[in-house]
J.: 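This is the structure I have questions about; it appears just below.
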Amino acid sequence: MAGTAGMAKEKPQLAILGAGIFVRNQYIPRLAEISHLFNLKAIWSRTEVDISLRLLKAGKHVLQEKPAAASASELETALARYKAICANLSDQPIWAVAENYRFEPAFVESKKLIAEIGDMMSVQVIVEGSMNSSNPYFSSTWRRNYTGGFILDMGVHFIAGLRMLVGCEVVSVSAMTTHVDPDLPPPDNLSSLFQLENGCSGVFVMVVSSRSPQILWRVVGLKGTVQIERGHIDGQHGYLVLFFSADGQRKSSFYPFSGVDAELKTFIHDVSQATRKKGSDYEVEPRLSFLEGARDVAILDAMLESGSKQGALVEVKKF
């Protein structure tokens with residue numbers, strides 16, 4: 001998605017980059033609800049090479065689909081080109097990454113609860129996906145062309161949730177990968193240890209296709225535990241947040257899946273503000289920034305590299 005600067009009183013002009021399943025099922029309906037905030041000018045296929053950077057070079061603001069890139073080396077190249085583009089423009093275009101768990105209310109609220117559990121002792125992220133022939137994304141060609149297959153495409157969401165929760169960076173990983181299901185691109189299973197910069201360690205386990213799918217994040221601290229579990233309640237898709245306090249109390253809250261709304265409104269707001277403040281620096285909402293998306297990819301890239309080296313310790317590239 002891209003926006004362009006115009007007269008201060010004009011609404012942002014947007015173009016959608018990508019017209020796949022998620023865009024049709026989520027973006028278009030959400031955008032229709034807030035159509036008074038912008039003008040939709042065009043829709044492009046995401047298969048066109050370097051379209052985001054070409055739009056940025058033309059001075060357009062871009063909100064692109066995840067993942068930010070296919071590897072850490074690709075990220076380095078893209079960021080270098082972006083910096084060069086910005087150096088030659090008087091107004092810095094916003095480069096953001098969409099489909100972002102950082103806007104889900106469950107993670108926003110859980111991050112607040114993390115402050116109550118004291119020093120972290122353990123972090124667990126367990127992903128048992130349901131990527132089989134009945135899944136609408138199963139036959140998506142571009143997802144199968146990544147080196148990490150569905151682990152990279154799906155995994156950036158879960159890594160984003162992890163980073164949002166713990167509030168610090170993953171510095172190193174050691175992982176094992178396997179390929180079991182011949183209907184899926186390799187690898188389709190990953191088990192990784194990771195080290196956080198705050199000294200806490202954790203595990204990230206991902207099975208692309210399971211007969212008993214479940215997804216959860218769990219952070220254990222000296223004074224309590226926070227857990228987020230994805231699921232359905234009363235027909236609503238969302239996240240169950242559990243908080244276990246030091247005195248044995250258990251609290252639970254359910255948050256429907258609704259981050260797309262906040263994400264799109266935030267991007268449109270940022271574009272509008274950047275347009276009005278022409279000639280001055282405008283900071284994009286950090287949760288949207290391309291840099292955050294790059295850091296998500298860097299962690300998975302390190303895990304996949306470690307897996308290819310039979311579990312060797314790999315440091316996560318910093319962005």
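This is a predicted model, so every value here is computed, not measured.
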J.: Answer yes or no: is there a donor N or O on one side and an acceptor on the other, between the side chain of Q195 and the main chain of G199, under 3.5 Å?
T.: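 Yes, Q195 side chain to G199 backbone: donor-acceptor pair under 3.5 Å.
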J.: Test side-chain contact (heavy atoms from CB on, under 4.5 Å) on I151 and M303 and set out the steps.
T.: CA-CA 10 Å; I151 282 181; M303 289 178 177; over 6 Å; no
J.: Write down the atom of V260, the atom of Y27, and the distance for their closest heavy-atom approach.
T.: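 Of all heavy-atom pairs spanning V260 and Y27, the closest is CG1-CD2, 3.9 Å.
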J.: Could you tell me which residues satisfy salt bridge (Lys or Arg N to Asp or Glu O under 4.0 Å) with K318, sequence neighbours excluded, listed by chain and number?
T.: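 Scan of K318 (salt bridge (Lys or Arg N to Asp or Glu O under 4.0 Å), adjacent residues dropped) gives none.
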J.: Measure up the F257 and H237 rings against each other and bin them: parallel (under 30°), tilted (30 to 60°), perpendicular (over 60°).
T.: parallel
J.: For residues E292 and V97, determine if any side-chain heavy atom of one lies less than 4.5 Å from a side-chain heavy atom of the other.
T.: no
J.: Where is the tightest heavy-atom contact between A69 and E74, given as atom of each residue plus distance?
T.: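 Shortest heavy-atom contact: CB-OE2, 3.6 Å.
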J.: List the residues meeting side-chain hydrogen bond (donor to acceptor under 3.5 Å, both in side chains) with R287, not counting sequence neighbours, and say none if there are none.
T.: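 So R287 forms a side-chain hydrogen bond (donor to acceptor under 3.5 Å, both in side chains) with E285.
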J.: For a 4.5 angstrom cut-off between non-hydrogen side-chain atoms, does E109 reach V241?
T.: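 With C-beta onward as the side chain, the pair stays apart.
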J.: Please check this pair: side chain of E263 against backbone of N100, looking for a donor-acceptor N/O pair closer than 3.5 Å.
T.: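 Looks like yes, one N/O pair under 3.5 Å.
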J.: Can you name the nearest heavy-atom pair linking V23 to P29, along with the distance?
T.: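 Looking at all heavy atoms of both residues, the shortest contact is O-CD, 4.3 Å.
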J.: Using 0.5 Å steps for rounding, measure from the CD1 atom of I114 to the CE atom of M164.
T.: 10.5 Å
J.: Within the distance-only criterion (no hydrogens, no angle test), does the side chain of R102 pair as donor or acceptor with the backbone N or O of L288 below 3.5 angstrom?
T.: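 It does not hold such a pair.
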J.: How many angstroms lie between CE in M121 and NZ in K223, if you round to the nearest 0.5 Å?
T.: 12.0 Å
J.: As a quick check of understanding, evaluate side-chain contact (heavy atoms from CB on, under 4.5 Å) for T147 and L304, giving each step before the final call.
T.: CA-CA 9 Å; T147 301; L304 290 166; 5.9 Å; no
J.: Are V156 and V314 in one and the same hydrophobic cluster, where Ile, Leu, Val, Met, Phe, Trp and Tyr link if side-chain heavy atoms are under 4.5 Å apart?
T.: yes
J.: Quick check for you: to the nearest 0.5 Å, what is the distance between D301 atom CG and L152 atom CG?
T.: 8.0 Å
J.: State yes or no: do L79 and V316 share one hydrophobic cluster built from I, L, V, M, F, W and Y residues joined by side-chain heavy-atom distances below 4.5 Å, directly or via other members?
T.: yes
J.: Indicate the ring-plane relationship of F138 and F150, choosing parallel, tilted or perpendicular according to the 30° and 60° boundaries.
T.: parallel
J.: Contact between P93 and K60 at the side-chain level, heavy atoms closer than 4.5 Å - yes or no?
T.: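 Sidechains of K60 and P93: no contact.
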J.: Should F243 and S245 count as side-chain neighbours, where that means a heavy-atom distance under 4.5 Å?
T.: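 SC-SC contact between F243 and S245 confirmed.
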J.: Show the nearest heavy-atom pair for residues P187 and T177, with the distance to one decimal.
T.: CB-CB, 3.8 Å
J.: Would you say that F194 contacts I299 through its side chain, given a criterion of any heavy-atom pair below 4.5 Å between the two side chains?
T.: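 Sidechains of I299 and F194: no contact.
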J.: Find out if a path of hydrophobic residues (ILVMFWY) with successive side-chain heavy-atom gaps under 4.5 Å connects I117 to L242.
T.: no
J.: Do S209 and D188 have side-chain heavy atoms sitting under 4.5 Å apart?
T.: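 No, too far: nothing below the 4.5 Å cut-off.
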J.: About how many Å separate OG of S258 and CD of Q236, when rounded to the nearest 0.5 Å?
T.: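 Between Q236 CD and S258 OG, I get 9.5 Å after rounding to 0.5 Å.
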J.: With the 4.5 Å side-chain cut-off for hydrophobic clustering, are F158 and V203 part of the same group?
T.: no
J.: Give, for atom CG of N189 and atom NE2 of H179, the distance between the pair rounded to the nearest 0.5 Å.
T.: 9.0 Å
J.: Do the side chains of L37 and F103 join up, straight or via other hydrophobic residues, at under 4.5 Å, putting them in one cluster?
T.: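 Looking at the clustering, F103 is in the same group as L37.
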J.: Show your reasoning for whether side-chain contact (heavy atoms from CB on, under 4.5 Å) applies to D181 and V208.
T.: CA-CA 9 Å; D181 190 338; V208 172; over 6 Å; no
J.: Nearest 0.5 Å please: distance from the NZ atom of K265 over to the OG atom of S272.
T.: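 That separation rounds to 13.5 Å.
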J.: Between S110 and V226, what is the shortest heavy-atom contact and its length?
T.: CB-CG1, 4.1 Å
J.: Taking atom CG as the centre, does D234 end up with more than 12 heavy-atom neighbours from other residues, nucleotides or ligands that are less than 6.0 angstrom away?
T.: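 No - once you tally the heavy atoms of other residues, nucleotides and ligands closer than 6.0 Å, there are 12 at most.
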J.: So which heavy atom on L75 is nearest to which on F290, and how close?
T.: CD2-CZ, 4.0 Å
J.: Counting only N and O atoms by type, is there a donor-acceptor contact under 3.5 Å from the side chain of E197 to the main-chain atoms of E169?
T.: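 Yes, E197 side chain to E169 backbone: donor-acceptor pair under 3.5 Å.
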J.: Not counting sequence neighbours, list each pair that qualifies as a salt bridge (Lys or Arg N to Asp or Glu O under 4.0 Å) and has a residue in residues 146-161.
T.: K66-D153, R143-D153
J.: Kindly say whether G129 contributes a backbone atom to a donor-acceptor pair with the side chain of S210 at under 3.5 angstrom?
T.: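 No, because the side chain of S210 does not come within donor-acceptor range (under 3.5 Å) of the backbone of G129.
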J.: side-chain contact (heavy atoms from CB on, under 4.5 Å) for Y239 and I215? Distances and angles first, verdict last.
T.: CA-CA 10 Å; Y239 304 88; I215 301 172; over 6 Å; no
J.: In the structure I gave you, are the side-chain heavy atoms of L264 and L63 within less than 4.5 Å of one another anywhere?
T.: yes
J.: Would you check if the side chain of E99 reaches a backbone N or O of E65 as a donor-acceptor pair within less than 3.5 Å?
T.: no
J.: Tell me, do L190 and F204 make a side-chain contact under 4.5 Å, heavy atoms counted?
T.: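 When only atoms from C-beta onward are counted, F204 and L190 do touch, with a gap below 4.5 Å.
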